[in-house]
Amino acid sequence: MSNPEQYGMDFYQSNYIIDNQEQSYDSNAYGDVYGSREPQATEQPQSSSPIPPEMFLPSEYRGQLFQPASNLEYYSQSSSVDSFDEEPPLLEELGINFDHIWQKTLTVLNPLKPADGSIMNETDLTGPILFCVALGATLLMAGKSQFGYIYGMSAIGCLGIHSLLNLMSSSGVSYGCVASVLGYCLLPMVILSSCAVFFSLQGTIGTMSALLIIAWCSLSASKIFISALAMEGQQLLVAYPCALLYGLFALLTVF
């Protein structure tokens, strides 16, 4: 049986040399713990000009920091495309032309005035919607809530007149144009409904006024249709179905 002391000495024996470790440490590494210590590092000489930050980057990453490359041609093209001066006005993009609206209104108010076919053959629904709302508002002031009947009869009447005009004319007409003309010619009916706010139309005077307004609306609409579609000599044929349509609005106004 071996000696335990000899076994312990063999177990902890290694090739680690303490003398080499002591030599690797600097004699002044620890210095005076409690004393003042002077700086040992030597200061590098400062140059007159600062060192650019590119010098600290590797050669393959060097470049201009925070200075993106500018493309003058791209900015010149984008500025010319996105220029606000070249954009059309908002009302023109929406298809609202107050000059045309005023001319159409004057044409409707004066049945004897010749209509301009180039202006009337447009899909302009700003005036018709305004006149339909005005007719419903005046009827509401007279104690009659008829908005649903107004919109329903307008849609069905436009479909009927549109089908009839496409059969009578060779050029044809769009549904928007028919709705625009019939809506603008509803303006005299708004005048009749405004009179119903102040006095009753159920009488001889009211009936005669309603017939006059129906004739006014139908003649204005037929004049515009024959001018826009070049249907000379067919005004009475076009005025008859228009008079039937505006007669329904007159019944809502009188009764």
Side-chain angles (χ1 to χ4, degrees), residues 91 93-98 100-109 111 115 119-169 172-202 206-207 209-225 228-229 238-255:
L91 294 178
E93 291 183 356
L94 296 176
I96 300 175
N97 192 338
F98 289 104
H100 289 183
I101 293 174
W102 178 247
Q103 291 182 13
K104 292 179 181 180
T105 304
L106 292 179
T107 304
V108 172
L109 292 177
I119 297 178
M120 294 302 172
N121 196 7
E122 293 179 355
T123 308
D124 178 21
L125 298 179
T126 305
I129 292 175
L130 180 62
F131 295 152
C132 286
V133 173
L135 179 61
T138 52
L139 290 178
L140 183 62
M141 294 175 63
K144 304 173 184 178
S145 180
Q146 306 291 348
F147 285 97
Y149 289 102
I150 293 173
Y151 295 141
M153 289 189 303
S154 298
I156 297 174
C158 290
L159 285 175
I161 300 297
H162 174 259
S163 302
L164 182 62
L165 290 177
N166 283 328
L167 293 175
M168 296 177 63
S169 64
V173 64
S174 63
Y175 180 81
C177 179
V178 174
S180 177
V181 173
L182 293 178
Y184 273 102
C185 294
L186 197 64
L187 178 58
M189 197 64 62
V190 176
I191 299 175
L192 181 65
S193 62
S194 301
C195 296
V197 177
F198 301 101
F199 53 89
S200 177
L201 297 178
Q202 296 181 3
T207 303
S209 300
L211 292 176
L212 179 61
I213 294 297
I214 292 172
W216 187 358
C217 294
S218 59
L219 288 177
S220 298
S222 60
K223 176 190 64 175
I224 296 173
F225 281 132
L229 301 177
V238 178
Y240 176 69
C242 293
L244 295 179
L245 175 62
Y246 291 114
L248 297 177
F249 291 105
L251 290 176
L252 290 178
T253 305
V254 174
F255 298 102

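Between I101 and the options L130, L106, D124, a side chain to side chain contact (heavy atoms under 4.5 Å, CB included) holds for only D124.
Side chain of S163 to backbone of L159: a donor-acceptor contact under 3.5 angstrom is found. Put simply, the side chain of S220 never gets that close to the backbone of C217: no donor and acceptor are under 3.5 Å apart. Not one N or O on the side chain of W216 forms a donor-acceptor pair closer than 3.5 Å with the backbone of M189.
When all heavy atoms of P241 and I161 are compared, the closest pair comes out as CB-CD1, 3.7 Å. Taking both residues in full, the closest heavy atoms of L139 and Q146 are given as CD1-CB, 4.1 Å, listed atom of the first, atom of the second, then distance. The shortest heavy-atom contact between T107 and K223 is O-NZ, 3.0 Å. Among all heavy-atom pairs drawn from L186 and C132, the shortest one is CD2-SG, 3.9 Å. The shortest non-hydrogen separation linking T138 to S194 is CG2-OG, 3.5 Å. Taking every heavy atom of both residues into account, A134 and V190 meet most closely at CB-CG1, 4.0 Å.
Interatomic distance, Y149 OH to K144 NZ, rounded to the nearest 0.5 Å: 13.0 Å. Within the model, atoms CG of L167 and NE2 of H162 stand 10.0 Å from one another, a figure rounded to the nearest 0.5 Å. In this structure, CD1 on I191 lies 6.0 Å from CG on L109, to the nearest 0.5 angstrom. Atoms CG and OG, on L165 and S222 in that order, are 10.5 Å from each other to the nearest 0.5 Å.
Counting heavy-atom neighbours within 6.0 Å of F147 CZ, excluding the residue itself, gives a total above 12. Atom OH of Y240 has 12 or fewer heavy atoms from other residues, nucleotides or ligands within 6.0 Å.
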Side-chain donor/acceptor pairs under 3.5 Å, residues 244-255, sequence neighbours excluded:
unit_1	atom_1	unit_2	atom_2	d
Y246	OH	L182	O	2.9
T253	OG1	F249	O	2.9

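Contact check for I224 versus V108: side-chain heavy atoms found under the 4.5 Å cut-off.
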